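The analysis underlying the following values was restricted to heavy atoms, covering all of them including side chains, and did not include hydrogens, waters or symmetry mates. Fair warning: this is a prediction, and the values are worked out from it, not measured in the lab.
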Amino acid sequence: MFFDYYYLVLVMPAILFALWAQAQVSGTFEKFSKVRTMRGLTGAQAAEAVLRAGGVYDVRIERIHGNLTDHFDPRAKVIRLSDSVYDSPSVAAVGVAAHEAGHAVQHAQDYFPIKVRSAIIPVTQVGSSLALPLIIIGLVLSSLNLVYLGIAFFGLSTVFQAVTLPVEFDASRRAIATLGSEGLLSQEELPGAKKTLRAAALTYVAALAVSLAQLLRLLLLFGGRRDD
């Protein structure tokens with residue numbers, strides 16, 4: 001089941017693409033983390049500036065340990081920036097921090113795709129945790145109905161990945177636009193921030209590709225069968 005023909009021709013290429021995308025993120029971030037901003041602007045300061053430009057005043061900015069562990073927590077209304085971003089005055093750090101602030105602005109302005117993503121998170125979390133057990137139990141019990149239910153639950157995670165793409169692209173768009181309009185980065189520095197965020201976006205494209213490949217594989221393996 002796990003290393004069939006469909007796995008080799010569908011899933012493996014998607015996984016290789018995901019590995020390549022992750023390498024692109026690491027390499028691009030490392031490259032532009034060595035380029036200091038002319039203004040000496042840090043990641044935390046950039047995030048603060050993007051929040052203010054978006055009219056957001058109730059979101060805190062905190063440091064979190066790790067490398068590229070940056071994220072926005074809408075429930076706590078906190079942007080958490082990693083050690084390599086928080087107080088770094090690099091073009092890469094500013095780009096990443098501005099992106100996370102872009103998510104906070106999305107929430108504040110009720111950006112529709114992020115509302116959809118937030119609404120389906122609980123369902124997708126339950127679905128993704130039940131998908132594989134249901135498929136395995138269905139195979140053990142020779143119950144294709146359980147297998148199909150597991151595939152349907154897995155499909156929810158694919159929907160989540162699809163909804164995530166416009167959210168991430170829009171956050172990057174907001175970040176770059178604000179960094180330019182507010183003069184936080186110069187015209188010479190903006191391309192570096194764009195490349196950093198573009199590389200990060202590839203990981204979300206890759207995640208969707210892997211999820212779609214897995215879903216298609218499951219459908220090809222079991223879609224034509226009938227439950228006895």
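The CD atom of Gln125 sits 12.0 Å away from atom CG of Leu130, with the distance rounded to the nearest 0.5 Å. Rounding to the nearest 0.5 angstrom, the gap separating the CG atom in Leu212 from the CG atom in Leu10 is 10.5 Å. A distance of 5.0 Å separates OH of Tyr6 from CG of Leu220, quoted to the nearest 0.5 Å. Distance check: Leu216 CG to Ser211 OG gives 11.0 Å after rounding to the nearest 0.5 Å. One finds the CZ atom of Arg63 at 15.0 Å from the CD1 atom of Ile79 (value rounded to the nearest 0.5 Å).
Within the structure, every pair that satisfies the side chain to side chain donor-acceptor pair (under 3.5 Å) test and touches residues 95-105, not counting sequence neighbours, is listed here: His99-His103, His99-Glu168, His99-Ser172, His103-Gln106, His103-Glu168.
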Passes side-chain contact (heavy atoms from CB on, under 4.5 Å), Phe222 versus Leu139? Steps please. CA-CA 10 Å; Phe222 303 108; Leu139 292 174; 3.5 Å; yes
Stepwise side-chain hydrogen bond (donor to acceptor under 3.5 Å, both in side chains) test for Ser82 and Asp70: CA-CA 5 Å; Ser82 63; Asp70 314 88; 3.1 Å; yes
Audit row: Phe72, Val105, side-chain contact (heavy atoms from CB on, under 4.5 Å) steps and yes/no: CA-CA 10 Å; Phe72 170 60; Val105 175; over 6 Å; no
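The main-chain N or O of Val25 is never found under 3.5 Å from a side-chain atom of Thr28 such that the two would form a donor-acceptor pair. At least one donor-acceptor pair closer than 3.5 Å links the side chain of Ser157 to the backbone N or O of Phe154. A donor-acceptor pair under 3.5 Å links the side-chain atoms of Ser26 to the main chain of Gln22, judged by distance alone.
At least one side-chain heavy atom of Leu202 sits less than 4.5 Å from a side-chain heavy atom of Phe17. Under the 4.5 Å side-chain criterion, counting only non-hydrogen atoms from C-beta, Ile114 is not in contact with Asp170. Taking 4.5 Å as the limit, some side-chain heavy atom of Asp73 sits within range of a side-chain heavy atom of Arg80. With contacts defined as side-chain heavy-atom distances shorter than 4.5 Å, the pair Thr37/Glu189 qualifies. Residues Leu146 and Leu141 are in side-chain contact: their nearest non-hydrogen atoms beyond the backbone lie under 4.5 Å apart. No side-chain heavy atom of Gln214 sits under 4.5 Å from any side-chain heavy atom of Thr158. Residues Gln161 and Val210 fail the side-chain proximity criterion, which asks for heavy atoms closer than 4.5 Å. No side-chain heavy atom of Leu221 sits less than 4.5 Å from a side-chain heavy atom of Tyr7.
Both Phe112 and Phe160 belong to a common hydrophobic cluster when Ile, Leu, Val, Met, Phe, Trp and Tyr are linked at side-chain heavy-atom distances under 4.5 angstrom.
Taking each heavy atom of Leu208 and Ala162 in turn, the nearest pair found is CD1-N, 3.8 Å.
Residue Val96 forms a side chain to side chain contact (heavy atoms under 4.5 Å, CB included) with just one option from Val85, Val91, Leu81, and that option is Val85.
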